[in-house]
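As structure tokens, the structure follows; a few thoughts come after it.
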Number of protein chains: 2
Amino acid sequence: MSEPPYKHEARSGCALANGLEILGDRWTILLIRDLMFTNKEEFGHFMQSGEGISTNILTDRLNRLQQYKLVNKLAHPSHGKKYIYELTERGQALAPLLIELALWAHHHVTDTLIPDKLYQMMINDKAGLYERVRNKEPIVIIDLKK
Amino acid sequence: MSEPPYKHEARSGCALANGLEILGDRWTILLIRDLMFTNKEEFGHFMQSGEGISTNILTDRLNRLQQYKLVNKLAHPSHGKKYIYELTERGQALAPLLIELALWAHHHVTDTLIPDKLYQMMINDKAGLYERVRNKEPIVIIDLKK
DNA sequence: CTGTATCCTTAGGGATACTG
DNA sequence: CAGTATCCCTAAGGATACAG
């Protein structure tokens, strides 16, 4: 279990219910997606992810993700004002969940795309995919949705 | 891909985003949980699942699940007025997703429980678990949350 | 450009009355 | 008991102005 990050006022003790209270909103998993599979790591990058999150919501979600200890916020190495956001191990541990969600949607929902390289790794090389997530090597550059 | 069920007005072509538009609300996955792992199959059973869904929302979510072809609604064999709800294959195909969500929450969120038998199967016998989901053999009787 | 704060709208959903 | 319909309220979140 390793010291959970966040004492949630849970609806029930069910693992699924509790997981959903952290992850089950309109934006959180999309941000984790960007951090996990693409080279997005700055505020402005997330803003460009096509689904059209607004600045206040992005700020709020990034803060929540830090509270839950799914994301670290680091000073940008060169730009004084910027920050870099990266997944913690706890956040990286969501990889299997995101993979299963993406595969299910790909197989069962219309007009649903996964970039080919990512799809191949999801099916044939999960170990390699996890390794790249751990090492923060993006599988997709810039954008997953097309 | 096998003829997707539902043409969704998607926010983007991303598989994750599209999956979330079907599954990403406060109740849907909890209903799928009940159908997948417990012996719940009637309207009243879902009402008793502890998280306190109200009747209008339950009706709405059961209808949506039918539209998405994740759930079948069958006439009850003995009670004329009742119906039986069961997962379709498309719904059963969500098992890996639910398992990964439950395991992540169990490992990373406080006060989060998975009934022991279910947990053991999630870790040691996924094939057996899928088999039981397919055969509609409940792993847990009545209630997952305690 | 990175956020934050404010305003305001809307959809989700709770309570509840009601029908078969 | 199964399910629907209505009312109402709150919280999520969009638009936007603003601050560092």
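Just so we're clear, the structure is a prediction, and the values are computed from it rather than from any experiment.
- Note on Arg64(A) versus Glu21(A): no salt bridge recorded, every NZ/NE/NH1/NH2 to OD/OE distance being 4.0 Å or above.
- A sub-4.0 Å separation between OP1 or OP2 of dA11(C) and a side-chain N or O of Arg26(A) is absent.
- The shortest non-hydrogen separation linking Thr55(B) to Met47(B) is CG2-CE, 3.8 Å.
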**OP:** Would you check, one step at a time, whether the test side-chain contact (heavy atoms from CB on, under 4.5 Å) holds for Leu62(B) with Tyr83(B)?
**Re:** CA-CA 11 Å; Leu62(B) 288 172; Tyr83(B) 293 92; over 6 Å; no
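- Side-chain proximity of Ile57(B) to dA5(C), dG14(C), dT2(C): nearest is dG14(C).
- Tested against Ile22(B) for a side-chain contact (heavy atoms from CB on, under 4.5 Å), the candidates Leu65(B), Thr28(B), Leu70(B) yield a single pass: Leu70(B).
- In this structure, of dG14(D), dA15(C), dT4(C), it is dT4(C) that holds the atom nearest to the side chain of Phe43(A).
- Contact annotation: Tyr85(A) side-chain N/O to dT2(C) OP1/OP2 distance is not under 4.0 Å.
- Computed from coordinates, the Leu31(A) CG to dG13(D) P distance equals 11 Å when rounded to whole Å.
- Residue Lys73(A) places none of its side-chain N or O atoms closer than 4.0 Å to OP1 or OP2 of dT2(C).
- Remark: C1' of dT2(C) and NE2 of His45(A) are 12 Å apart, rounded to the nearest angstrom.
- Between Ser54(A) and dG13(D) there is no side-chain polar atom (N or O) within less than 4.0 angstrom of OP1 or OP2.
- Heavy atoms of Asp60(B) sit nowhere under 4.0 angstrom from any nucleic acid atom.
- Partners of Tyr130(B) according to the ring pair (Phe, Tyr, Trp, His ring centres under 6.0 Å) rule, which considers only residues two or more places apart in sequence or in another chain, do not exist here.
- Whole-Å rounding puts the Leu30(A) CG to dA12(D) P distance at 17 Å.
- In this structure, CG of Leu58(B) is placed 11 Å from P of dG14(C), rounded to the nearest angstrom.
- In this structure, the nucleotide among dG13(C), dA5(D), dG13(D) sitting nearest to the side chain of Arg61(B) is dG13(C).
- The nearest whole Å value for the distance from the CE atom in Met47(B) to the C1' atom in dT4(D) is 13 Å.
- The side chain of Asn56(A) approaches dG14(D) more closely than any other nucleotide in the set dA15(C), dG14(D), dT4(C).
- With hydrogens and angles ignored, no donor-acceptor pair under 3.5 angstrom links the side chain of Asp25(B) to the base of dG12(C).
- Of the candidate nucleotides dT2(C), dG3(C), dG14(D), dG3(C) has the atom lying nearest to any side-chain atom of Thr59(A).
- With rounding to whole Å, Glu42(A) atom CD is found 10 Å from dT2(C) atom C1'.
- Residue His76(B) contributes atom NE2, which lies 22 Å from atom P of dG20(C) at whole-angstrom precision.
- Atom C1' of nucleotide dC1(C) and atom CZ of Phe46(A) are separated by 15 Å, given to the nearest angstrom.
- For Thr55(B) and dT4(D), a side-chain-to-base donor-acceptor distance below 3.5 Å is present, hydrogens and geometry of angles not being considered.
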